[in-house]
Chemist: 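My structure is below; once you've seen it, I'll send some questions.
Worth knowing before you read on, the calculation uses all heavy atoms, side chains too, and leaves out hydrogens, waters and symmetry mates. Proteins come first, then strands; the chains are lettered A, B, ... in the order of their sequence lines, and each starts at number 1.
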Amino acid sequence: MNLFSDIRNLVVETLGGMAADGALPPGLDTAAVTVEPPRDPGHGDMATNAAMVLSKPAGRPPREIAAALAARLLTDPRIASAEVAGPGFLNLRLRPSAWQGLVRAILEEGFAFGRSRIGTGLRVNVEFVSANPTGPMHVGHARGAVFGDALANLLHHAGYEVTREYYINDGGAQVDVLARSAYERYREALGYAPEIAEGLYPGDYLIAVGEALAEEFGEALIDQPEEMWLSDVREFATERMMAMIREDLAALGVRMDVYSSERALYDTGQIEAAIARLRAMGLIYEGVLEPPKGKTPEDWEPREQTLFRSTAFGDDVDRPIRKSDGSWTYFAPDIAYHFDKVERGFDMLVNVFGADHGGYVKRLKAVVAALTGGRVPLDIKLIQLVKLYKNGEPYKMSKRAGTFVTLRDVVDEVGPDVTRFVMLTRKNDAPLDFDFAKVLEQSKDNPVWYVQYAHARVSSVLRKAAAAGLEVSDAALAAADLARLDHEAELALARKLAEWPRLVEIAARGNEPHRVAFYLYDLASEFHALWNRGNEEPGLRFLQDDPAASLAKIALARATGVVISAGLGILGVAPVEEMR
RNA sequence: GGCCCCGUAGCUCAGGGGAUAGAGCGACCGCCUCCUAAGCGGUAGGUCACAGGUUCGAAUCCUGUCGGGGCCGCCA
């Protein structure tokens with residue numbers, strides 16, 4: 001049940017009726033008609049801009065259209081009042097029965113309340129994390145992981161068929177560096193002095209890889225030339241790194257559906273096939289790039305390269321796909337990878353990147369636009385930096401990696417639920433301050449705690465009611481006499497609950513999971529407010545002497561609990577039953 | 001130099017064509033005989049960086065300027 005879309009449908013149908021009766025010209029486009037909660041609740045429950053949007057095409061003053069629309073809407077049993085306001089808003093109030101019906105619907109639908117069909121029949125690929133398999137993930141990866149996973153949950157809730165995907169960057173020089181670093185640890189494990197040269201990865205996490213290599217290969221690789229062992233050690237170490245990354249993701253509650261390997265794109269013809277596709281469209285050519293403006297490298301010299309005409313799709317310059325020695329640039333497998341995603345039939349692609357990859361947005365969008373003729377949208381979400389603090393002091397120490405704070409450090413210290421919620425309390429394109437002390441604080445300026453507290457209070461009410469002998473299953477509560485929920489403060493909470501399905505759609509359309517976190521905070525606030533009004537007005541307490549009155553109020557509390565659980569579920573956070 | 005993101009209350013941030021711009025923190029004033037006061041209510045606090053433009057209507061969209069951050073040849 002989605003009251004906002006229901007009422008919008010009513011408005012649009014009513015407008016259609018007006019057109020049929022000659023009250024409006026036929027064929028008006030109602031796509032821009034909205035039904036929203038007004039910013040000022042004093043204006044009503046819902047407001048529609050229909051009259052203002054249609055005024056110009058209909059050739060009639062907005063307030064006149066609004067008045068005519070109001071008269072017709074009032075015949076609907078849900079509508080209590082319809083008032084023209086301001087430049088032509090139509091402010092609607094719904095009868096209490098509409099809100100009571102909403103509470104009942106939440107109890108009947110459970111977590112399905114808030115599901116949307118905007119994604120029905122559409123397959124979306126969410127690529128996220130994609131950390132290089134050369135070491136443990138850092139906090140920045142944690143934020144990207146949380147964002148991507150919550151976004152995937154959100155899109156699923158909105159009806160999409162979602163694939164979570166990790167692109168393993170195992171095809172470049174960095175995995176060779178990994179192999180050489182691991183090789184030194186292998187020598188170390190066998191009692192030789194390791195030579196961890198400048199440029200190799202010094203982290204302790206490779207010691208275990210070296211020991212595993214020693215167990216696997218014994219002395220066989222000692223004193224052998226690099227070309228004898230590089231490939232084997234690289235594969236071995238990369239697999240070890242990916243196993244570690246999977247464990248770290250699991251600790252955060254993140255599970256991928258697909259791991260795609262960059263290396264697997266080479267030597268299988270996939271790069272060639274993707275390039276051939278672009279070449280057939282006349283988008284590949286041999287040419288010489290200008291030096292980058294204002295920052296010409298000292299050793300710059302013009303070279304002819306194989307280029308992709310990404311400027312035809314909004315990029316700033318064409319991009320090289322082959323180095324001057326004939327080998328592929330890093331961009332080439334990227335083209336092949338996105339070609340592969342497109343070929344797998346996704347209707348929509350989302351990439352979650354660190355903000356330092358901002359320079360790749362235009363060229364990747366160009367690739368997908370070129371390969372699909374613009375049919376498949378690619379949205380790239382850039383995740384800004386996480387700044388770590390502890391009691392306000394910058395925090396840089398790491399237990400494992402030495403030089404940077406790892407994802408695991410964070411999860412071990414504050415737990416996956418707190419990590420996830422806090423990292424979703426900011427838009428992806430805003431930097432995030434993460435204070436290890438503050439996120440564990442038990443006060444209302446800690447949104448995680450505040451939302452959990454609201455859920456715990458709901459659970460507390462249910463426990464006490466059950467202890468008092470009331471039947472508080474969702475079915476029993478849905479059958480309660482909800483007409484008793486008629487106080488303004490109770491209806492205000494119901495109004496907030498009614499926004500949930502709308503919020504899911506807005507958040508899903510914009511790929512913005514943070515909206516869920518902010519909504520939950522608002523909802524919790526509304527619930528805490530009602531709770532406290534019970535102090536002054538005992539008639540507003542959830543537990544009443546009269547069982548029938550109790551059941552109605554408990555139904556409202558439980559409905560709130562259902563929505564909080566559903567929202568936390570999208571964020572990947574487990575709701576708590578009691579605070580400790 | 002070019003491109004991307006950001007600029008909203010003292011601080012941290014939501015809102016991103018709609019009415020009198022919101023929340024938390026901090027400040028001030030109230031509320032427990034009462035389902036968890038780890039909470040709630042209220043007051044004070046704004047040139048939505050600046051200047052143009054589009055629109056019935058701009059914090060929101062466009063252009064430019066200023067300020068902060070990021071990225072920028074075959075690296076990954």
Chemist: Is Arg541(A) touching bases, backbone alone, or none of the nucleic acid, heavy atoms closer than 4.0 Å?
Modeler: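 Contact class for Arg541(A): base.
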Chemist: When you measure from the side chain of Leu543(A), which nucleotide among G39(B), C75(B), C35(B) comes out closest?
Modeler: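 That would be C35(B).
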Chemist: Give a yes/no answer on whether the side chain of Arg60(A) brings an N or O atom under 4.0 Å of OP1 or OP2 in C56(B).
Modeler: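 No.
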Chemist: Would you say the side chain of Tyr453(A) and the base of C40(B) hold a donor-acceptor pair, judged only by whether the two atoms sit under 3.5 Å apart?
Modeler: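 Checked by distance alone, the answer is no.
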Chemist: Using the ring of Tyr360(A) (Phe, Tyr or Trp, six-membered ring only), decide whether Arg363(A) places NZ or CZ under 6.0 Å from its centre and within 45 degrees of its axis.
Modeler: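 The answer is yes; both the distance and angle limits are met.
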Chemist: Kindly say if Lys362(A) contacts the phosphate of C3(B), meaning a side-chain N or O under 4.0 Å from OP1 or OP2.
Modeler: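 Lys362(A) to C3(B) OP1/OP2: no side-chain N or O under 4.0 Å.
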Chemist: C29(B) and U36(B): how far apart are their P atoms, nearest whole angstrom?
Modeler: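 C29(B) and U36(B) have their P atoms separated by 30 Å.
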Chemist: Between G45(B) and C5(B), how far apart are the two P atoms, rounded to whole Å?
Modeler: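 It works out to 35 Å between them.
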Chemist: Quote, to the nearest angstrom, the P distance that separates G7(B) from U60(B).
Modeler: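 G7(B) and U60(B) have their P atoms separated by 11 Å.
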Chemist: So that I know where these two stand, are Phe147(A) and His514(A) an aromatic pair - ring centroids less than 6.0 Å apart?
Modeler: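 Phe147(A) vs His514(A): aromatic centres not under 6.0 Å.
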Chemist: Which part of the nucleic acid, if any, lies within contact of Tyr450(A), taking any heavy atom under 4.0 Å across all strands shown: a base, the sugar-phosphate backbone alone, or nothing?
Modeler: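 If one applies the 4.0 Å heavy-atom cut-off, Tyr450(A) turns out to touch the sugar-phosphate alone, with no base involved.
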Chemist: Any salt bridge linking Glu505(A) with Arg502(A)? Criterion: basic side-chain nitrogen under 4.0 Å from a carboxylate oxygen.
Modeler: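 No salt bridge links Glu505(A) with Arg502(A).
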Chemist: Choosing from C5(B), A37(B), C71(B), which nucleotide comes nearest the side chain of Gln384(A)?
Modeler: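 Nearest nucleotide to the side chain: C5(B).
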Chemist: Looking at Ser460(A), does any N or O in its side chain come under 4.0 Å of the phosphate oxygens OP1/OP2 on C35(B)?
Modeler: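 For C35(B), neither OP1 nor OP2 has a side-chain N or O of Ser460(A) closer than 4.0 Å.
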Chemist: Can you give one letter per nucleotide of nucleotides 14-25 of chain B, 5' to 3': B if a protein heavy atom sits under 4.0 Å from the base, S if only from the sugar-phosphate, - if neither?
Modeler: SSB-BB---SSS
Chemist: If the C1' atom of U54(B) is compared with that of G10(B), how far apart are they to the nearest Å?
Modeler: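 That atom pair is separated by 35 Å.
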Chemist: Between Lys553(A) and Glu490(A) (salt bridge meaning N to carboxylate O under 4.0 Å), is one present in this structure?
Modeler: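 Salt bridge: yes.
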Chemist: Roughly how many Å apart are U55(B) and U8(B), using the P atom of each and rounding to a whole number?
Modeler: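 The answer is 29 Å between these two P atoms.
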Chemist: So, the side chain of His338(A) versus the backbone of Asp334(A): is there a donor-acceptor pair under 3.5 Å, distance only?
Modeler: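 Yes.
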Chemist: Counting a pair only when it is Watson-Crick or G-U and both distances are under 3.5 Å, which runs of at least 3 such pairs involve RNA chain B?
Modeler: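 As far as RNA chain B goes, consecutive pairing (with distances under 3.5 Å) yields the stems B:1-7 with B:66-72, B:10-13 with B:22-25, B:27-31 with B:39-43, B:49-53 with B:61-65.
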Chemist: Look at the rings of Phe542(A) and Phe527(A) and say which category their plane angle falls in: under 30° parallel, 30 to 60° tilted, over 60° perpendicular.
Modeler: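 Geometry flag for Phe527(A) against Phe542(A): parallel rings.
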Chemist: Nearest to the side chain of Glu536(A), heavy atoms from C-beta on, is which of C31(B), C75(B), G41(B)?
Modeler: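 The nucleotide sitting nearest to the side chain is C31(B).
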Chemist: Given the C1' atoms of C35(B) and A27(B), what is the spacing between them in whole Å?
Modeler: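 Straight-line distance between the two C1' atoms is 32 Å.
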Chemist: Taking CG in Asp546(A) as the centre, count heavy atoms belonging to other residues, nucleotides or ligands within less than 6.0 Å. Is the count above 12?
Modeler: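 Yes - once you tally the heavy atoms of other residues, nucleotides and ligands closer than 6.0 Å, there are more than 12.
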Chemist: Less than 4.0 Å between a side-chain N and a carboxylate O, is that true for Lys390(A) and Asp435(A)?
Modeler: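 A salt bridge is absent here (no side-chain N lies under 4.0 Å from a carboxylate O).
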Chemist: Under 4.0 Å, heavy atoms only, any strand: does Asn535(A) hit a base, just the sugar-phosphate, or nothing?
Modeler: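 Contact class for Asn535(A): base.
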Chemist: What pairs of residues pass the ring pair (Phe, Tyr, Trp, His ring centres under 6.0 Å) test when at least one of them lies in residues 422-445 of chain A, not counting sequence neighbours?
Modeler: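 Listed by first then second residue: Tyr395(A)-Phe436(A), Phe434(A)-Phe436(A).
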Chemist: In terms of the nearest nucleotide of RNA chain B, which residue is placed more toward the 5' end: Arg319(A) or Lys323(A)?
Modeler: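 That would be Arg319(A).
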Chemist: Can you say whether the rings of Phe308(A) and Phe313(A) are parallel (under 30°), tilted (30 to 60°) or perpendicular (over 60°)?
Modeler: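 Geometry flag for Phe313(A) against Phe308(A): parallel rings.
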Chemist: Of the nucleotides G39(B), C75(B), U36(B), which one has an atom closest to the side chain of Ser443(A)?
Modeler: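 Within the option list, the nearest is G39(B).
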Chemist: Below the 4.0 Å mark, does U36(B) have OP1 or OP2 next to a side-chain nitrogen or oxygen of Lys464(A)?
Modeler: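 True: Lys464(A) side-chain N/O within range (under 4.0 Å) of U36(B) OP1/OP2.
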Chemist: Quick one: which of C71(B), G39(B), C56(B) gets closest to the side chain of Asp356(A)?
Modeler: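 For Asp356(A), the side-chain atoms sit closest to C71(B).
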Chemist: Should the pair Arg495(A)-Glu488(A) be classified as a salt bridge under the 4.0 Å nitrogen-to-oxygen rule?
Modeler: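 Answer for the salt bridge query: yes.
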Chemist: Would you kindly compare Asn169(A) and Gly534(A) by the position of their nearest RNA chain B nucleotide and give the one closer to the 5′ end?
Modeler: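 Its nearest nucleotide being more 5', the pick is Gly534(A).
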Chemist: Provide the distance between the two C1' atoms, one in A49(B) and one in A44(B), to the nearest whole Å.
Modeler: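 To the nearest whole Å, 24 Å.
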